[in-house]
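Below: one structure, written as structure tokens.
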Amino acid sequence: MTIRMASILCVISATAGCAAPQYEKPVGTFATATSDVETAIASFARTAADVREDQTRNTALAAPYRVRSLAGDCGPSSTRCRLVVYQPQGDPAPLYQGNGGSEEPPPPAVSAVPSGLVKFMSGISAYAEDLKAIAMSKAVENVDANVREAQESVASLAALVPGAGPSQGPGYSRSAFTTLGWAKHRGLKAVVAQAEPVLAQAAEQYKGVMEQVGNEMREHLAKAVAARRTAFRKRSTRENLDKVAAAAEAYDAFLMKDTSLDVVFQEMVRAHGSLNEALQSPDASDETLMERMNAFQMHARKLAKTLGDLQGDLRKAQTI
């Protein structure tokens, strides 16, 4: 049954309420997969920060004279005590990521993942949950409220993507006689259409960013293996051998992963495009829509697991 036919039946069967179950599964799958991607990117950001901190400590071991406190810190009357490693070029790198509960972030930022990307994925996850709430609504009035929340989420997403803005197409409206199923259809159709140009612009903005981050991760991991190998050659203890083995294992796990942030991000954008097409097109089928959602979910789960495993490996491989 096509989505258009289901919508027509919703109108005809006004007294039946028409729960439109065909939307619940694909939208629910999209929300779950999006949450997986958010988790994966947040994990990746933490992992990238861990790797940078580890590399900074390796630099400190090789050149202890570069370890200093920030100006005015760590004295008897100081209000902060922040140790950094002064680099040959560039800003000093902090020895630790924490900020002691202060709102002020440690200087400079240590994550290789752009903060805007992490915030955007958090916003996408919230937006997807709003779509799920529309699809799962039990009353027409709930649909109205959930649509408003979803439209607010779209506006928040657009604010995070320079040059993006929600579609100015027809918004959500209904008559007093609108059935629940028809309200869901109109609500999802309006909100997803408004969000589609925002995701398309985000895909363009972040194109290559995640690949670049991946390249930086490889460089850091390779340097970590080299540093531990050097330490083992200088002092061939079991502890140093275990550390170089753990570093190599972490790097190998990263190299062996068969999906990437960039691939999964683009898959998410395509899945959203398929959802939009299904809602707007009279010929889209439930089967085609679910195929795209399942493909997106498969990539998202694989990425989340891979990066979760990598983070565990890196914790084992840390020098200090």
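This is a predicted model, so every value here is computed, not measured.
In this structure, S156 contributes its side chain and E152 its backbone to a donor-acceptor pair below 3.5 Å. Side chain of S122 to backbone of V118: no donor-acceptor contact under 3.5 angstrom is found. Listed for the Q151 side chain is no donor-acceptor partner under 3.5 Å among the backbone atoms of V191. The main-chain N or O of A224 is found under 3.5 Å from a side-chain atom of R228 such that the two form a donor-acceptor pair. Counting only distance, with no hydrogens or angles, the side chain of T29 and the backbone of K25 share a donor-acceptor pair below 3.5 Å. When atom types are taken as modelled, the side chain of D36 and the backbone of A300 share no donor-acceptor pair closer than 3.5 angstrom. Of the possible polar contacts, one joining the S78 side chain to the G72 backbone as a donor-acceptor pair under 3.5 Å is found.
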Quiz prompt | Step-by-step salt bridge (Lys or Arg N to Asp or Glu O under 4.0 Å) determination, D144 to R148 | solution = CA-CA 6 Å; D144 297 344; R148 286 193 297 271; 5.4 Å; no

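Smallest separation of non-hydrogen atoms from F30 and M268: CE1-O, 3.9 Å. Taking both residues in full, the closest heavy atoms of N146 and A133 are given as ND2-O, 3.2 Å, listed atom of the first, atom of the second, then distance. Residue Q280 comes nearest to A193 through the heavy atom pair NE2-CB, 3.6 Å, listed as atom of the first residue, atom of the second, then distance. Here the closest non-hydrogen pair linking V198 and Q194 is CG2-O, 4.0 Å. The heavy-atom pair separating K184 from M136 by the smallest distance is NZ-C, 4.3 Å. Considering every non-hydrogen atom in both S69 and C74, the closest pair reads CB-SG, 3.7 Å.
Put simply, OG on S274 and CD on E267 are 8.5 Å apart, with the number rounded to the nearest 0.5 Å. Atom CG of L131 sits about 9.0 Å away from atom CG of L279, to the nearest 0.5 Å. Atoms CZ and CD, on R270 and E277 in that order, are 13.5 Å from each other to the nearest 0.5 Å. Between I134 atom CD1 and N142 atom CG the span is 11.5 Å, to the nearest 0.5 Å. Separating the CG atom in L199 from the CG atom in L157 is a distance of 7.0 Å, to the nearest 0.5 Å. Rounded to the nearest 0.5 Å, atoms CG (L117) and CE (M121) are 7.5 Å apart.
Hydrophobic clustering (ILVMFWY, side-chain heavy atoms < 4.5 Å, transitive): L83 and V85 are in one cluster. Connection of L255 to V264 is established within a shared hydrophobic cluster, with ILVMFWY side chains joined at heavy-atom distances below 4.5 Å, either directly or through further cluster members.
At least one side-chain heavy atom of M293 sits less than 4.5 Å from a side-chain heavy atom of L275. Using a 4.5 Å heavy-atom threshold, the side chains of V140 and W182 count as separate. Side-chain atoms of E149 and E129, non-hydrogen and from C-beta on, never get closer than 4.5 Å to each other. Taking 4.5 Å as the limit, some side-chain heavy atom of H272 sits within range of a side-chain heavy atom of Y127. The shortest side-chain heavy-atom distance between L180 and K138 does not fall under the 4.5 Å cut-off.
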